[in-house]
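Input: a single structure, listed below in structure tokens.
All values below were derived from every heavy atom in this structure, side-chain atoms included, with hydrogens, water molecules and symmetry-related copies excluded. Everything numeric in this text was worked out from a predicted model, so none of it was measured. Convention: sequence-line order gives letters A, B, ...; per-chain numbering from 1.
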Amino acid sequence: MIISLKDINKSYPGVVPLHVLKDINLSIEKGELVSIMGASGSGKSTLLNILGILDNYDSGEYYLDGVLIKNLSENKAADLRNYMIGFVFQSFNLINYKNALENVALPLFYRGVSRRQRNKLAMEQLERMGMADRATHLPAELSGGQKQRVAIARALITKPSIILADEPTGALDSKTSKEVMQVFRDLNNDGMTIVIVTHDPGVGEQTNRIIRISDGRII
Amino acid sequence: MFDLISEIMATLRHNKLRTALTGFAVSWGIFLLIVLLSVSRGLVNGMESMFSQRDTETVSIRGGYAQKAYKGLKENRRIRLKDSDLGVLASQNANVVGEVTARISNDTSKVTSSKDYLTGGYQGVYPAHQHNDGLKMVKGRFINQNDINHTRRVVVIADESAETLFGKEDPIGQLVKISDLSFTVIGTYETEWRRDTYIPFSTARAMSGGSDQVNNITVKLKDVSTLDESDRAEQDFRSTLGRQHTFADDDSGSLWIWNRFSDYLRSSTAMGAIGMAVWVIGLLTMLSGIVGVSNIMFVSVRERTHEIGVRRAIGAKPASILRQIILESVAITTLFGYIGIVLGVLVSQGIAALVSGSGGMGPGGKDEILKDPTVDISIAIQVTVVLIIAGALAGLFPALKSLKIKPVEALRDE
Ligand SMILES: Nc1ncnc2c1ncn2[C@@H]1O[C@H](COP(=O)(O)OP(=O)(O)OP(=O)(O)O)[C@@H](O)[C@H]1O
Ligand SMILES: [Mg+2]
């Protein structure tokens, strides 16, 4: 079991605190390809951010690969993100003044890997994504689907335990969406655990399990 | 470390316009600081060299006109200094007086050679006058004590006068006639605005036909270091001579006194003040540069909220973000600081070349107002250290602000 959530609650503070996640219990096994679906505002991104140690939760317990994720220092959280999690976002979140290769290599910079080694590994990932010929292109010179492939390469370069993707196809047309989903399915076939948040039933159908969330509860 | 630097260079290159604008403020500040510093240093050097050629610890006294009626004497009396005043000044002010010398001036005599003649008379002087008048010998020597003791008929002239009198011939050992007496030229000095002809005091005395008058008395001060002491000594000399020549202590016209030591102290203070002012102006200029950098770094952190969030999400630790922002700031500050330094030094050197090329600004002389207006290496090193510290300071607060950026905030899609 790579992910285990027990009675997770999360509220956003405010004049009227917003109780976004309510008693979430969830397990995800190694090697699963899971989608999280639900209406807009139901709490999908909030849940994914907690899974990705980008955000805190108020109560409950979250184990990531056996490690209790609670009250971590910023440095420990940064290390866990770097070593265990690969992120893929709807808006790609590539750094716009770095070329594809440099973007892919960036996580290893924070791991202290040498430039030469970084670039070699980044090139391998770009090749795997079929993007080797675009290595020196800036994000602005790439199509949406190409950007997302670069982003996936960046998520993969650290050999993470799990890939978390928030609406990875949200900004892509249906044809490109299918291609990107094919990439995820291929990765999953190679044994990678992947969690995808999506609106798109077509995307959900291509995963092995759909977790439906409504008004902060799993249904 | 190399990685970090190239990472920083990449971000700076990406934000070229912003980097350039920020950098310009820094360059300009440093440039002004360097130019101001070097010009003020040049001023100080010029002043010091002007003073150092002359004896600064001296007070020159000439007779004037007593303006006030005193002890039954009428106003408007001519006061004439005389030989005996020298001894009296020395004995009555023994604690502040070193050597007392005098000068006899003759304005009318001609100095003639076989070729040509000079007008302007001669000065009967002591050896100390060489330094008092700031004379630089070109050939031979100045008048010495032996010349005075033996009432020798020797003469020292300006090098340009020597040319008038002897053309290209070596002037040393040549004979000239002054008041029908023949004198041997023993030295020439560099012509500035002065072209006096000097002979030994005793010789001039012997030629003065029984008069005991002197045109000026020069007192070398000793054990005087403050402006107060120097001004008090001057007042004491006035009193002493007032008793000798019967005029009131507060009758300022009775004597013309030039207190070089007080002048020197005053201008030193003024120079110190200029130096201080330059530093203050320079540091304020730099401060505004730093505030500018800090401001821009704030903007930069704001604009890059998203990017910083992405970096955090993929594993950047807070410290590495902090380090990056501060080093960016240091890089901007030092890089453009150095551009400012280089330009500043170039302009200073240009000024230096101009000043020495035109042969100074004195009226036909070589009294340089600016002398060697340059910046030395120690200043450059100090400035580097200051730049790095300034850059770090400028980056510190924006960097601390960047730490407040939570990865999740940054990644929210607008
Ligand atoms: N930082 C925040 N502060 C306050 N409220 C927030 C914050 N982030 C999210 N919310 C609120 O929490 C709720 C859940 O948000 P979340 O982003 O998880 O929804 P979502 O399921 O991802 O929706 P979408 O499909 O539109 O992306 C929403 O009502 C949102 O307005
Ligand atoms: Mg969402």
Side-chain angles (χ1 to χ4, degrees), chain A residues 10 12 45-46 48-50 52-56 73-99 102-119 138-139 151 154-155 157-158 160 164 166-167 170-171, chain B residues 1-20 296-297 299-328 331-332 399-414:
Chain A
K10 167 81 178 173
Y12 287 113
S45 293
T46 307
L48 198 78
N49 287 342
I50 288 172
I53 329 180
L54 295 170
D55 207 351
N56 302 318
S73 72
E74 299 254 28
N75 285 338
K76 181 82 175 129
D79 269 343
L80 285 175
R81 284 197 294 270
N82 188 271
Y83 281 87
M84 299 186 71
I85 301 166
F87 290 99
V88 178
F89 303 94
Q90 175 172 4
S91 52
F92 321 120
N93 285 342
L94 299 173
I95 292 175
N96 57 8
Y97 56 87
K98 288 182 176 294
N99 67 29
E102 291 165 335
N103 264 291
V104 174
L106 194 58
L108 295 183
F109 170 72
Y110 291 113
R111 229 185 239 195
V113 176
S114 77
R115 164 176 299 258
R116 175 189 294 247
Q117 183 70 5
R118 255 174 17 225
N119 286 348
L138 292 174
R154 181 178 67 186
I157 197 169
T158 59
L164 302 177
D166 195 351
E167 310 268 13
Chain B
M1 193 61 200
F2 173 77
D3 259 356
L4 191 56
I5 289 170
S6 62
E7 183 74 22
I8 286 163
M9 284 308 148
T11 49
L12 292 186
R13 226 176 296 125
H14 167 60
N15 300 301
K16 277 193 200 79
L17 181 65
R18 187 170 63 208
T19 308
I296 296 285
M297 291 308 293
V299 173
S300 156
V301 165
R302 254 250 314 276
E303 276 181 7
R304 283 157 63 195
T305 303
H306 192 71
E307 178 196 322
I308 290 170
V310 173
R311 287 173 183 268
R312 292 291 308 274
I314 61 177
K317 292 180 181 147
S320 74
I321 301 286
L322 189 83
R323 195 161 50 224
Q324 184 175 350
I325 305 283
I326 288 182
L327 286 180
E328 266 176 38
I332 293 182
L400 289 176
K401 193 185 165 189
S402 77
L403 288 189
K404 300 221 175 71
I405 297 172
K406 293 267 174 287
V408 65
E409 308 278 335
L411 295 184
R412 181 160 300 126
D413 294 322
E414 257 78 15

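In terms of non-hydrogen atom pairs under 4.5 Å with chain B, the most contact-rich of A:Tyr83, A:Phe87, A:Tyr110 is A:Tyr110.
With a 4.5 angstrom heavy-atom cutoff, A:Arg154 touches chain B only via side-chain atoms. Looking at A:Asn49, only its side chain comes within 4.5 Å of chain B, counting heavy atoms on both sides.
Note that CG of A:Leu164 and OG of A:Ser45 are 11.5 Å apart. Values are rounded to the nearest 0.5 Å.
Counting non-hydrogen atoms of neighbouring residues, nucleotides and ligands closer than 6.0 angstrom, the CZ atom of B:Arg302 reaches no more than 12 such neighbours.
Taking each heavy atom of A:Asn82 and A:Pro107 in turn, the nearest pair found is ND2-O, 3.0 Å.
Sorted by first and then second residue, the salt bridge (charged side-chain N to carboxylate O under 4.0 Å, His left out) pairs with a member in residues 76-97 of chain A read A:Asp79-B:Lys317; sequence neighbours excluded.
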